[in-house]
Amino acid sequence: MSLDVAALRRSFPIFSRQPPPFHYLDNAATGQICAAAAEALTAYETAGRANVKRGVYRLADRATSAFAEARARIARYLGAAGPEEVILTSGTTFGLNLAAHVLEERVRAGDTILISRLEHHSNIVPWQMLAKRRGARLRALDVTADGRLDLAGLDAGIDRRTRIVALTHCSNVTGAVTDLAPIAARAREVGAVLVVDGAQRVPHGPLEVTTLGCDLYALSGHKMFGATGAGALWVRGELLAELPPFLGGGEMITRVTIEETAYAPPPHRFEAGTPPIGPALAMGAAAAWLAELDWRAIAAHEKTLTARLLEGLDRLPGVRIHGPRDLEARYGVVAFEVEGVHAHDVCQILDGFGVCTRGGHHCAQPLMEAFGTVATVRASLAPYNEEADIDALLEGLERVIRILR
Ligand code: PLP
């Protein structure tokens, strides 16, 4: 069955509220909120608001149950062994920083942490800070000319001093998908922990996170059609049980005296203070809604659109694409440059056509450096995109080339 895109678009309030032309191609920055998530957020904030895990009155009890159900829905979407493996966070950035703190004691002076040049700054800076705190060395795998992780450096990059390997599952610039299996195998050989940045993978369908071979997996709700402000960090149960707390405060304890604290079991030990309740409920609702979609049809649809975009860009003079051509090895995140024209100028002209794209370094400056540039344009697709979005982008680019190049 092919995807009924019109029906899918009706599940996203924005498409009936933005005046045409409206071609939203900045999904890697944030996806649009689906109706299920928007309703969950509004219902909580306007009709069900109470703090969670605290009150005994019915409103608070209902909010606590809804929060627990959101965690369970996210756990099911990820394929976690259970909801207790899912720490609710404010997003991928928070999750990766949390990871870098709770793994700190495993890293000693002279150890190494392996990342790559493909990473978003969220998966670079926390590890750099950790390496500095511990006197460890940060190494980075290279990228291939077509913007994929270069696994040729894997054996040399991971050795017996490697304590942590932190890599993206899908690049937010080139759309390249990382083949995690050989990395997980090599990390396991040396006893390193594998952290995966899943921010760009999760909008593309449910996961079986326990079979990926990784130990931690970070994600953001707003990139999977939830609200901004919520995310999750999945941690393999046996590892999670061993990890020390990160932030101290309310709700992460079982008992506090002036001298000592006994910590709550995971995941609560890692969730100090009032969590982002409404956004977490929205993320749970989005996860449950996404889980019911026909992902085979969506994958085919996204591939068709990605091919249309890549072929269209190829036909334009002076346009250079950064990223793999093999549709099996990538999602529809497409970075490109128009020779002689700054990415921001391209995006501004495209905006005149109602086309929303992103121009800049995409929080991936080491990758820009590898590409020998400082900025690219990026068009990133979601299941609700349609051929008209691609065609509007290509038409806008023809104008850019006519007037600026
Ligand atoms: N990692 C990747 C690959 C991303 O694309 C992003 C955001 O664009 C992040 C991490 C950071 O996500 P957030 O800003 O939701 O914390």
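Treat the numbers as computed from the prediction; the structure is a model and nothing was measured. Just follow the structure's listing: the first ligand is 1, and inside any ligand the first atom is 1.
At the shortest separation from atom 5 (O) of ligand 1 among protein heavy atoms lies Gln200 NE2, 2.6 Å. Looking from atom 8 (O) of ligand 1 to the surrounding protein, the closest heavy atom is Lys223 NZ, 2.6 Å. For atom 4 (C) of ligand 1, the closest heavy atom belonging to the protein is His120 CD2, 3.2 Å.
The pair Glu395-Arg399 fails the salt-bridge criterion, with no side-chain N (NZ, NE, NH1 or NH2) lying under 4.0 Å from an Asp/Glu carboxylate O. Between Arg106 and Glu104 no salt bridge is recorded (no basic side-chain N to carboxylate O distance below 4.0 Å).
In the vicinity of Ala199, heavy-atom distances shorter than 4.0 Å reach the ligand 1 atoms 1 (N), 2 (C), 4 (C), 10 (C). Of all the atoms in ligand 1, the ones that sit under 4.0 Å from a non-hydrogen atom of Asn172 are 3 (C), 5 (O).
Under the ring pair (Phe, Tyr, Trp, His ring centres under 6.0 Å) criterion, the residue pairs touching residues 278-327 are Phe12-Trp289, His322-Phe371, with sequence neighbours excluded.
If you check each of Leu96, Thr93, Thr30 against atom 11 (C) of ligand 1, the one with the closest non-hydrogen atom is Thr93.
Remark: aromatic rings of His121 and His361 are close, center separation under 6.0 Å. Taking the ring centroids of Phe15 and Tyr24, they lie at or beyond the 6.0 Å cut-off. For His268 and Tyr263, the ring centers are positioned 6.0 Å apart or more.
Here the side chain of Thr210 pairs no donor or acceptor atom with the backbone of Ala81 at under 3.5 angstrom.
Under 4.0 angstrom from ligand 1, the non-hydrogen atoms of Asp197 all belong to its side chain. The part of His222 lying near ligand 1 is the side chain, judged by heavy-atom distances below 4.0 Å.
Residue contact annotation: His362 has no non-hydrogen atom under 4.0 Å from ligand 1.
Between Ser220 and ligand 1, at least one N/O pair is under 3.5 Å apart.
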